[in-house]
> 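Could you have a look at this structure, given as structure tokens, before my questions?
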Amino acid sequence: MANPNGSDNGREPIIEFRGVHKWYGDFHVLRNINLAVGRGEKVVICGPSGSGKSTAIRCVNRLEEHQEGDIVVNGIELTPDVRRIEAVRRTVGMVFQNFNLFPHLSVMDNLTLGPVLAQGVAKRDAEEQAAELLRRVRIPDQALKFPGQLSGGQQQRVAIARALMLRPEVILFDEPTSALDPEMIHEVLDVMTELAQAGMTMICVTHEMGFARKVADLVVFMDAGEIVEAAPPEQFFEAPTSERTRLFLSQVIH
Amino acid sequence: MSTAPGCVSRAVVTSGPRRPPPQRADSAMAWLKRNFFDGIGNMLITFGLLWVLFETVPNLVRWAVLNAVWYTPNAEVCHAAAGACWAIVPEKYRVMLFGTFPYEEHWRGVIVIAIVLGLSVISTVRRLWSYWLFVAWIAAMAVVFVLMFGGVFGLKPIETHEWGGLPLTLIMFVGTVVGGLPAGVMLALGRRSTMPVIRALCVGFIEIIRGLPLVTILFMASLMFPLFLPEGMTIDKFMRAQIAMAIFFAAYAAEVVRGGLQAIPRGQYEAADTIGLNYWQKTTRIVLPQVMRIVLPSMMNEIIRAFKNTTFIGIIGLFDVLRATSTAIQDPTWVRYSIEAYLSIFVLYFVLCFAMSKYSERVECDLAVRR
């Protein structure tokens, strides 16, 4: 197996997987995952469906529970302890494939609910911050609309703004463009690219190999619950060491 | 197979300018023919139904309108007439509407009815939904309790066993929903709890209550429950009936809410988790608002049923509108006109139920627009 550690070993890792295993019933979905993500690093995880890539990032904020090994996020080791889970969730934002915006709340309320309720931020401050973030994701005039009134691309950008509201140290993207029509993929990827350039630590599960090539510090290929290959993009795309990686790349790059 | 260069597909590809959809021009005769006389079967059904209407409607109109007596203090006049005797309503309406409520205190009942119905109507205007409307309801309930119980501000005290008629029906109904709905929501949440003891208690409670007829629950509350209480402790009959009604409503409301909870996608919970909401914030701000929207039609069904179920309290000796009406027509001079008295009470029930049904329809539309 290729060296699964982060490309930049000089920096202190903000997320670290050490020998992580997970089973769904008898199904061994994560097999000995070792991965260290440094502060400010961008990691893209790719792989065929069912390879465990979404499960892996969902373990980072404990939407899924791992059974063996350690996951340490920002110095906090994830255990069943609710306070630790809450502390980790405060530092980790997440963007989902299906947006998961709250359909009964306006865009503004979708953004401000978390900071106001969970962090006790004053409503007016939260609204100012939300307006600023909506400008940043280029939908400044949609604050009073409801999610159902927006296009898929706009909804996903609202979801990114919502994840940024808690000023996270890391953002997890779980196939953020897979539910979008082709013409909307770019507006979302552009926002993600800007975020990456601003220095955000990101882990993205995605099939957008162009994005991976342009933005990633490390590309991880997973298959059948294992990390098969992990390398900087130049090496990953030009000289993959594993046969499985080559086969996968030949299928996703046209 | 790919086409050779220079070869053009033979498929005809064209499109046209924008135009409005075709209008269906339809004469009245064509409409009648299409809907009522289309084929021998439909013709038979149409003529059959026309015959039934011809046989019944004129008789009904003659009885209910043409030959009816609308107002007379004298039952003999009704006796002489061939039609309905609506005069029983002006003659007996105070007993029908207030039952055993002390006669000279009926004005208090009128205010109670006005407050409950008035606030209900105001509450239907979505523009007025606010914190203040909630406060208004709390204040109104306080006023209703003062008026009903009396004993302060020089009001004559009225015992709950003297309560009756429409004020009793409305109070019982509002109390059932206000007490039962939150209890139902808690039961539904408890049924999905990860804590086995809480889950078992909620499931057991819901299944037992749903497995019993309302009448038996009311009999238990009224006859058996006092036997379990310690010596010297009593809870009055009205409160016992009120609690029984609320519990019964809660069990059904819980299952309606559970259906809604199952319709909320897992992603909503996960998104709420990732923005740091705790269980109660997640439940009250994300889950329940969406659940209530989903279950509105079936919840309104239960609420309307709860309103009609208030007639059951007559069985354990409380004088709701229906029981008060049966009492009112005991008067031997008027007893033969009980049908007219019941019909007018039916109209009262229908108007209130229909209003609730229309209201929920409108709320559904309002909420649908905002999706």
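Below, chain A is the first sequence line, B the second, and so on; all start at residue 1.
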> For atom CG of A:L144, is the number of surrounding heavy atoms from other residues, nucleotides or ligands below 6.0 Å larger than 12?
no
> Are there residues of residues 264-275 of chain B whose heavy atoms fall under 4.5 Å of chain A's heavy atoms? If so, which?
B:R266, B:G267, B:Q268, B:E270, B:A271, B:A272, B:D273, B:T274, B:I275
> Around B:Y279, counting heavy atoms of other residues, nucleotides and ligands shown, do more than 12 lie under 6.0 Å from its OH?
yes
> Ignoring hydrogens, what is the shortest heavy-atom contact between B:G276 and A:A118? Give both atom names and the distance.
O-CB, 3.2 Å
> According to side-chain hydrogen bond (donor to acceptor under 3.5 Å, both in side chains), does anything in residues 116-142 of chain A pair up with another residue at least two apart or in another chain? List the pairs.
A:E132-A:R135, A:R138-A:E194, A:Q142-A:K145
> Enter the distance from A:F102:CZ to B:R285:CZ here, rounded to the nearest 0.5 Å.
11.0 Å
> Grab the two heavy atoms, one from A:L117 and one from B:Q281, that are nearest each other, plus how far apart they are.
O-NE2, 3.1 Å
> Select one option (side chain, backbone, both, neither) describing which atoms of A:R90 are under 4.5 Å from chain B's heavy atoms.
neither
> Can you tell me which of A:L101, A:V92, A:D109, A:V82 forms the most heavy-atom pairs within a distance under 4.5 Å of chain B?
A:L101
> Where on A:I85 is there a heavy atom nearer than 4.5 Å to chain B: the side chain, the backbone, both, or neither?
neither
> More than 12 non-hydrogen atoms from neighbouring residues, nucleotides or ligands closer than 6.0 Å to OH on A:Y24, yes or no?
yes
> Restricting to salt bridge (Lys or Arg N to Asp or Glu O under 4.0 Å), what partner residues turn up for A:D81, sequence neighbours left out?
A:R83, A:R84
> Measuring heavy-atom distances to chain B, does A:N61 have an atom under 4.5 Å in its side chain, in its backbone, in both, or in neither?
side chain
> Around atom CZ of A:R167, are there more than 12 heavy atoms from other residues, nucleotides or ligands closer than 6.0 Å?
no
> With a 4.5 angstrom heavy-atom cut-off, is it the side chain or the backbone of A:R62 that approaches chain B, or both, or neither?
neither
> Among residues 169-183 of chain B, which ones touch chain A with a heavy-atom distance under 4.5 Å?
none
